[in-house]
Amino acid sequence: MSRLLKLGTTAFVAAVVLAGSYVLVRVITGSEGGRRSTVSRPISTTGSGVPASSAPASRDVVASPSIPSQVPAWPLDAEHGGPYGARVTTGSSQVALTFDDGPDPRYTPPILALLRQSGVKATFCLVGVNVRAHPDLVRAIAADGHTLCNHSWAHDMRLGSRSRSAILADLTRTNQAIRSAVPGVPIPYFRQPGGAWTRAVVRAARQLQMTSLHWAVDPRDWARPGARNIIRTVTSDVYPGAIVLLHDAGGDRRATVKALRSMLPALDRRFPLAAMPTGAPMP
């Protein structure tokens, strides 16, 4: 019996020694049982190099010329009922104000000021020759967080009937001019001048990852009907999800500026006003 007790005592002591050695090894080498790494585990980051834990959500990122947006431009799907699938609605309850043919040093700045005063974001459809002439205005548009849209190089209303290579060259040249002014800012939309859509121009835009952007409400402000008529048409025809066509260039746009002064607060009371989305695809 004493012999069994002695053997049991010896086994217990050995087990204690081995356990102590194991603990000592883990303390010295680290919990993984190998050499303790002196390199910290890398922090997951976004494309801009900002830690993912502190990076803003994609819909909250504001496009800025000094801090280029890294949000990918995801084109919206084609819309049934739109010309060749071009969008006529936002896909949500939000109403989108869009401004064509700029930028223009006479009318773009006061329109930006009115939008800023009302806290409204819009979508600006830019003509390449005007972008080249006024890159500072493109930077101002982007700095205020508005969405950018390609509106062709020189407002060619017959662009859609030209060859595929000519269409692609026109759209690419315009995108390059915009990106030269505001590097890194998404250009997720294309609008055909005059709304003269063709299947070829919609396909070319899609190839360049741009959604074709039409409209649902047109007050024909380009024909200078007067501020009162612009207000009447927009406020009576608008509905949840509508895309509204307006102009900040291409002629005398004083009536459009005047209309916006009273129209913006009135619309904002009735509908959520927002720029066309540039982040993740809408559900």
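All values derive from a computational prediction rather than experimental measurement.
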Might you point out which heavy atoms bring [X] and [Y] nearest each other, and give the distance in Å?
X      : Y      : result
Arg87  : Thr90  : NH2-C, 3.8 Å
Ser262 : Pro265 : O-CD, 3.4 Å
Val257 : Pro110 : CG1-CB, 4.2 Å
Arg220 : Pro225 : O-CD, 3.2 Å
Asp248 : Arg253 : C-CG, 4.0 Å
Pro188 : Thr278 : CG-CG2, 3.7 Å

* Short side-chain donor-acceptor distance under 3.5 Å, Glu79 and Thr89 -> yes

Going from [atom1] on [X] to [atom2] on [Y], what distance comes out if it is rounded to the nearest 0.5 angstrom?
X      : Y      : atom1 : atom2 : value
Ile231 : Leu264 : CD1   : CG    : 10.0 Å
Lys258 : Arg228 : NZ    : CZ    : 8.0 Å
Leu76  : Ser212 : CG    : OG    : 11.0 Å
Ile230 : Arg224 : CD1   : CZ    : 10.5 Å
Cys125 : Asn150 : SG    : CG    : 9.0 Å

Would you kindly confirm whether [X] and [Y] end up in one hydrophobic cluster when ILVMFWY residues are joined by side chain heavy atoms under 4.5 Å apart?
X      : Y      : value
Val217 : Phe124 : yes
Val244 : Leu126 : yes
Leu245 : Tyr189 : yes
Ile187 : Val127 : no
Trp153 : Leu159 : no

Are any non-hydrogen side-chain atoms of [X] and [Y] less than 4.5 angstrom apart?
X      : Y      : value
Leu267 : Val95  : no
Ser93  : Pro272 : yes
Thr235 : Met263 : yes
Gln94  : Lys121 : no
Leu260 : Leu246 : yes
Thr211 : Met276 : no
Leu148 : Pro186 : no

* To do: Quick one: do Gln192 and Leu213 satisfy side-chain contact (heavy atoms from CB on, under 4.5 Å)? Show the steps, please.
  => CA-CA 8 Å; Gln192 165 63 28; Leu213 187 66; over 6 Å; no

* Test Thr172 against Gln176 for side-chain contact (heavy atoms from CB on, under 4.5 Å), laying out the working first. => CA-CA 6 Å; Thr172 299; Gln176 288 172 343; 3.7 Å; yes

* **Donor-acceptor contact below 3.5 Å, side chain Thr147 vs main chain Ala275** => no

* **Side-chain donor or acceptor of Thr233 paired with backbone N/O of Pro219 under 3.5 Å** => no

* Asked: Step by step, would you call Tyr107 with Thr256 a side-chain contact (heavy atoms from CB on, under 4.5 Å)?
  -> CA-CA 9 Å; Tyr107 307 113; Thr256 301; over 6 Å; no

Distance-only criterion, 3.5 Å: show the donor-acceptor pairs between side-chain atoms of residues 162-169 and protein atoms not counting sequence neighbours.
from, atom 1, to, atom 2, distance (Å)
Arg162, NE, Asp156, OD2, 2.6
Arg162, NH2, Asp156, OD1, 3.4
Arg162, NH2, Asp156, OD2, 3.3
Ser163, OG, Ser165, OG, 3.2
Ser163, OG, Ala166, N, 3.1
Arg164, NH2, Gln207, OE1, 2.9

* To do: Go through the structure and list residues passing salt bridge (Lys or Arg N to Asp or Glu O under 4.0 Å) with Asp100, not counting sequence neighbours.
  => Arg191

* Listed by chain and number, what are the salt bridge (Lys or Arg N to Asp or Glu O under 4.0 Å) partners of Arg254, not counting sequence neighbours? -> Asp252

* Under 30°, 30 to 60°, or over 60°: which ring-plane class applies to Phe190 and Trp197, parallel, tilted or perpendicular? -> perpendicular

* Hey, mind stepping through His155 and Asn130 against side-chain contact (heavy atoms from CB on, under 4.5 Å) and telling me if it holds? -> CA-CA 10 Å; His155 204 270; Asn130 292 336; over 6 Å; no

* Hey, which of Leu112, Asp221, Asp104, Leu115 is the one that makes side chain to side chain contact (heavy atoms under 4.5 Å, CB included) with Phe99? -> Leu115

